[in-house]
Amino acid sequence: MTAALETEGLGRRYRTNWGLRDCTLSVPEGSITGLVGPNGAGKSTLLRLAAGLSRPTTGTVSIFGRVVDPNSVDHLGRVGYFDQLRPLYASFRVKEMLTFGRRLNPNWDDDAAHRWLEDLDIPLNQRIGKLSLGQQAEVALTVCMGKRPDLLLLDEPVASLDPLARRQLLQTLMGTVAERGTTVFLSSHIVSELEPVCDRLIILSASRVQLSDSVESILSDHHLLVGPRPAPAPAGVEVISSTETGRQSTLLVRGAPTGLGPTWETAQPDLDAIVLAYLEGTSIQARQGEAAAGAPSEGPR
Amino acid sequence: MIWLSWRRHRLSLLLIAVLFVALGIWMALVAHWFGILYHLSVEGFKLCGDNVRCEQSFGQRHTVTTDFGTFSLSRQATAIDALLLCVPCLLGVVFGAPLVARELTGHTNRLAWTQTVSRTRWLMANWLVTGVSLISLVALLTWFEWWWYSRVQFGSAFLHYFWGGVVSPPIFSVSGIVPVAYTAFAFTLGTALGAIIRRSSWAAVGTVVAYIAVGAIVLVGVRPYLAPHDFITGDSGIFGINPRGGILERDLPWTLGTGYRFAPGAHVDTGDSPTDVGLRCLARSPEAYGDELAPAQPYDDCLAFSRVQVGTLYMPARSYWTLQWRESAIFLALTGGLLALSVRSVRRWRA
């Protein structure tokens with residue numbers, strides 16, 4: 001299986017700060033991959049690099065095996081990009097945004113675009129500036145999907161939406177994606193948003209990839225160990241994070257622990273806890289090790 | 001793509017067209033009033049007979065009283081001329097500077113540049129749709145201005161005192177084909193600065209500064225050398241240069257300054273006043289003249305002895321179209337360079 005998106009040592013520096021650093025990852029074709037990480041982890045930078053809106057300082061980023069060229073129509077036609085700022089022309093009417101999509105994209109699916117907006121009860125004659133934030137996000141997503149991309153890059157698609165709008169948007173998205181077999185790479189800083197829709201997860205923190213695997217194996221690979229303190233590190237596992245409270249220590253580990261003493265209890269952590277463990281682990285590392293290198297930054301300059 | 005750029009800019013283009021129509025109505029009114037005045041003056045001449053004083057008083061009044069008040073027509077005509085001079089720069093500020101910069105500050109470039117259209121095509125479509133619309137509007141305005149000028153010049157000898165003929169800057173720069181070239185240049189200047197600076201406001205300031213600078217350089221350092229000069233010796237006023245007399249006012253030449261040459265037909269040096277040339281003449285060889293120079297007019301005598309001819313340099317009105325074509329070519333070449341710069345800047349843009 002070829003990778004829809006592949007990066008190799010990818011880095012982007014904004015003046016003195018690295019927005020993303022030494023990022024090597026792969027998003028398999030046909031997957032719905034979630035990109036999770038705290039604010040400032042480099043999620044938006046990574047997505048912009050993949051969309052061709054930014055250019056790498058180091059390394060390469062390829063889409064379907066080809067290095068991204070922001071001036072190539074071929075690249076632009078295969079990728080749908082949803083910016084976290086959801087830029088639309090505020091003075092346009094909704095139907096004019098559809099005309100925009102039709103005129104600028106040869107593969108435009110006009111029927112589907114109209115159908116989605118109809119399903120979402122968005123009036124075609126309304127001006128974009130007068131729509132609610134949720135409706136604007138839906139129109140932006142419609143423009144994105146209407147061009148029938150092979151890879152959808154969605155930067156914080158559901159941020160700042162109410163739970164109902166969030167569910168509606170994800171439903172529209174997932175319905176179409178399943179139909180077409182589109183690869184989706186979407187970012188969020190909230191794991192619970194991603195869990196129901198993603199089959200793969202990439203944890204990005206401190207501008208580096210901490211974990212990249214399918215949700216299934218992430219859940220089966222990680223274990224929560226509770227034991228007496230001080231605890232010697234169990235054999236055969238990688239400790240992701242450890243917290244010590246009173247006389248107890250709690251470890252989140254990767255891999256199957258063997259030869260645990262009777263004093264240990266094991267539990268199955270949920271995805272949220274696993275992600276949090278990774279983020280906590282890196283934030284400690286970041287404080288210790290990377291303080292001198294400068295804090296990573298995210299967002300437009 | 002054409003649809004998008006038209007949809008994005010149609011409102012402001014329409015607004016500019018309305019403003020142009022308003023300006024045209026004002027110009028027509030001023031021309032109409034000048035026509036009435038001229039008519040009155042002609043009637044006045046008949047009444048005055050050979051009385052010159054009477055002629056002047058008719059020729060210089062230039063005020064018109066309407067229901068709305070009394071206006072000075074000369075002042076209005078001068079204001080219109082000044083406004084016409086500013087039009088290209090104004091369009092560069094209003095349309096050029098925000099063309100790319102507004103997309104960058106509003107982040108809508110992230111939307112436009114991720115559709116199935118290359119950035120080059122996006123920019124070229126925007127530039128062409130807006131640019132061609134502006135150029136058409138300015139061409140119409142310039143055509144109208146030519147008619148207006150021909151009406152106004154009959155009305156007032158006074159204006160010619162300030163404006164001169166068709167090759168003089170106040171008329172030359174707002175007539176013929178140069179306004180179109182200026183517009184293309186100013187608009188592209190704004191586009192390029194907007195793409196490079198990434199802010200409409202600063203790009204607008206830069207457009208004004210650069211446009212004025214380029215305009216001044218061309219006026220002082222380029223235009224006078226785009227066609228051969230006439231060199232008229234003697235202390236001739238501009239009205240006296242035509243041996244046949246009765247020169248048409250629109251054919252008045254553009255006075256470039258005084259010059260001198262050390263023999264008839266020799267190369268003309270420019271830039272010095274007759275007094276400076278006289279001083280230089282004296283400095284060349286003070287002994288040569290001995291006592292022959294009359295103490296009262298040493299300069300003039302020295303000039304006469306050395307066969308130095310002092311005169312005035314003119315750009316003749318017959319060079320009008322040569323100047324128009326050559327200057328337009330210069331501005332179009334600058335436009336091409338700026339367009340290439342804009343394309344480069346847009347292609348290299350990265351978030």
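Keep in mind the model is a prediction, meaning the values are calculated, not measured. Throughout, protein chains are lettered first and strands after them, A, B, ... in sequence-line order, and every chain is numbered starting at 1.
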(request) State, to 0.1 Å, how close A:Lys147 and B:Thr114 come at their nearest heavy-atom pair, and which atoms those are. (result) NZ-O, 2.5 Å

(request) Find the one option among A:Asp74, A:Leu88, A:Leu153, A:Val79 whose heavy-atom pairs under 4.5 Å with chain B are most numerous. (result) A:Leu88

(message) Taking CH2 in B:Trp325 as the centre, count heavy atoms belonging to other residues, nucleotides or ligands within less than 6.0 Å. Is the count above 12?
(response) no

(message) Please report the interatomic distance CH2(A:Trp108) to OG1(B:Thr116), rounded to the nearest 0.5 Å.
(response) 10.0 Å

(request) Hey, could you give me the CZ/OG distance between B:Arg7 and A:Ser91, rounded to the nearest 0.5 Å? (result) 4.5 Å

(message) For B:Arg344, is the CZ atom crowded, meaning more than 12 foreign heavy atoms sit under 6.0 Å from it?
(response) no

(message) I need the minimum non-hydrogen distance between A:Pro87 and B:Arg110, along with the two atoms involved.
(response) CG-CB, 4.2 Å

(message) If you compare all heavy atoms of B:Ser118 against all heavy atoms of A:Asn71, which two are closest, and at what distance to 0.1 Å?
(response) CB-O, 3.8 Å

(request) Give the C-alpha distance, both sets of side-chain angles, the deciding distance and a yes or no for side-chain contact (heavy atoms from CB on, under 4.5 Å) between B:Gln115 and A:Val143. (result) CA-CA 9 Å; B:Gln115 306 305 312; A:Val143 172; 4.2 Å; yes

(message) Which atoms of A:Asp83 are under 4.5 Å from chain B, going by heavy atoms: the side chain, the backbone, both sets, or neither?
(response) side chain

(request) Determine yes or no for a side-chain-to-main-chain donor-acceptor pair under 3.5 angstrom, with B:Arg350 supplying the side chain and A:Arg55 the backbone. (result) yes

(request) Can you establish whether the number of heavy atoms outside B:Trp147 located under 6.0 Å from its atom CH2 is more than 12? (result) yes

(message) For A:Glu118, I'd like to know if atom CD has over 12 heavy atoms of other residues, nucleotides or ligands within 6.0 Å.
(response) no

(request) Pick whichever of B:Arg119, B:Met1, B:Glu103 has the most heavy-atom pairs under 4.5 Å with chain A. (result) B:Arg119

(request) Can you see which heavy atom on B:Ala351 is nearest to which on A:Ser54, and at what distance? (result) O-OG, 3.0 Å

(request) Give, as side chain, backbone, both or neither, the part of A:Thr99 having an atom under 4.5 angstrom from any heavy atom of chain B. (result) both

(message) Nearest 0.5 angstrom please: A:Leu76 CG to B:Trp113 CH2, how far?
(response) 11.5 Å

(request) May I ask you to name which of B:Thr108, B:Asn109, B:Leu11, B:Ile2 has the most heavy-atom pairs under 4.5 Å with chain A? (result) B:Thr108

(request) Quick one: closest heavy-atom pair of B:Trp3 and A:Glu96, and the distance? (result) CH2-O, 3.3 Å

(message) So for atom CZ, which belongs to A:Arg166, do other residues, nucleotides or ligands contribute more than 12 heavy atoms lying within a distance under 6.0 Å?
(response) yes

(request) Against chain B, label A:Phe92 side chain, backbone, both or neither, depending on which of its atoms sit under 4.5 Å from a heavy atom there. (result) both

(request) Go through the steps to decide whether A:Phe100 and B:Leu111 satisfy the test side-chain contact (heavy atoms from CB on, under 4.5 Å), and finish with yes or no. (result) CA-CA 10 Å; A:Phe100 164 87; B:Leu111 178 68; 3.8 Å; yes

